Amino acid sequence: MIYVFKTSVDSKSKLEFANVLIGKVLPNAIWNFDLEDCDNILRIESEEDINEMSLQNEIFDCIELE
């Protein structure tokens, strides 16, 4: 399944943190960020159920888009 999130990842340091976090939380997922999009989109492809709570942290916001 593909999940799409609006994020506040807008810097290299936030991107590096997000990649580490997602790698730990979802080690079998495939993901990418589109930082050229106004919503700094995060797309995750995973067979696991994912929601914004699983990506909750103090560095960046993450809101699932429908």
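Source: prediction; values computed, not measured.
Pairs engaging residues 37-47 under the side-chain hydrogen bond (donor to acceptor under 3.5 Å, both in side chains) rule: none recorded [sequence neighbours left out]. Identified under the salt bridge (charged side-chain N to carboxylate O under 4.0 Å, His left out) test for residues 16-25, with sequence neighbours left out: none. Residue pairs meeting the side-chain hydrogen bond (donor to acceptor under 3.5 Å, both in side chains) criterion with at least one partner in residues 49-66, sequence neighbours excluded, are absent.
Scored by the salt bridge (Lys or Arg N to Asp or Glu O under 4.0 Å) test, Asp34 finds no partners at all (sequence neighbours excluded). Listed by chain and number, the residues in a salt bridge (Lys or Arg N to Asp or Glu O under 4.0 Å) with Asp10 are Lys14 (sequence neighbours excluded).
Clustering of Ile, Leu, Val, Met, Phe, Trp and Tyr by side-chain heavy atoms under 4.5 Å joins Leu15 with Met1, Tyr3, Phe5, Val9, Phe17, Leu21, Ile22, Val25, Leu26, Trp31, Phe33, Leu35, Leu42, Ile44, Ile50, Leu55, Ile59, Phe60.
The NZ atom of Lys6 sits 7.5 Å away from atom SG of Cys38, with the distance rounded to the nearest 0.5 Å.
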Item checked: side-chain contact (heavy atoms from CB on, under 4.5 Å) evaluation trace for Ile63 with Thr7 -> CA-CA 6 Å; Ile63 301 167; Thr7 74; over 6 Å; no
